[in-house]
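Just below is one structure, and these are the notes that go with it.
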Amino acid sequence: MSDLTPAERLTKLTTLREWLAWQLRDTERKIGELEQQTREPQSYISEQAIRDGHPLGVVIHRPDCGMIQRPATRLTAEQVRFALTKDAQHFTACDFCDPGSALGLT
Ligand SMILES: [Zn+2]
């Protein structure tokens, strides 16, 4: 870079500064997306079993899941943690929205 004239160095450094600013914005955007994805929801949805005794049992979803089709109620994160770890014969985590991953269970 020392072979360059001051005007050429200024041009190169200005270009580098623009690229670094773009990198910073892009990294901040990616961090924001990942923080949103990994943030633990405050509540979850339990979807009624297909029928009594159905092997899937009650299906648990994240609140924004689009796969909920049957009557549903809200659960706290703690209730979901208990249901999926201590009462797994009656509860199933939705394969689509994977509520267990938000709670660190999978
Ligand atoms: Zn779901």
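In what follows, every heavy atom counts, from backbone to side chain, and hydrogens, waters and symmetry copies are set aside. Fair warning: this is a prediction, and the values are worked out from it, not measured in the lab. We're numbering straight along the sequence, starting at 1. For ligands, and for the atoms within them, numbers begin at 1 and follow the listed sequence.
- Listing protein N, O or S atoms at distances below 2.8 Å from the Zn ion (ligand 1), with waters left out, gives His61 ND1, Cys65 SG, Cys94 SG, Cys97 SG.
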Can you list, pair by pair, the side-chain donor-acceptor contacts under 3.5 Å of residues 64-71, counting residues two or more places apart and other chains?
{"unit_1": "Arg70", "atom_1": "NE", "unit_2": "Gln48", "atom_2": "O", "d": "2.7"}
{"unit_1": "Arg70", "atom_1": "NH2", "unit_2": "Gln48", "atom_2": "O", "d": "3.4"}

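- Side-chain contact between Arg81 and Leu105: present, with at least one pair of heavy atoms (C-beta onward) separated by less than 4.5 Å.
- In this structure the side chain of Gln79 never reaches within 4.5 angstrom of the side chain of Ser43, judged on heavy atoms.
- Thr92 pairs by the side chain to side chain donor-acceptor pair (under 3.5 Å) definition with nothing, not counting sequence neighbours.
- Residue pairs meeting the salt bridge (charged side-chain N to carboxylate O under 4.0 Å, His left out) criterion with at least one partner in residues 83-99, sequence neighbours excluded, are absent.
- Within the 4.5 Å cutoff, the side chain of Tyr44 has no heavy atoms near those of the Thr76 side chain.
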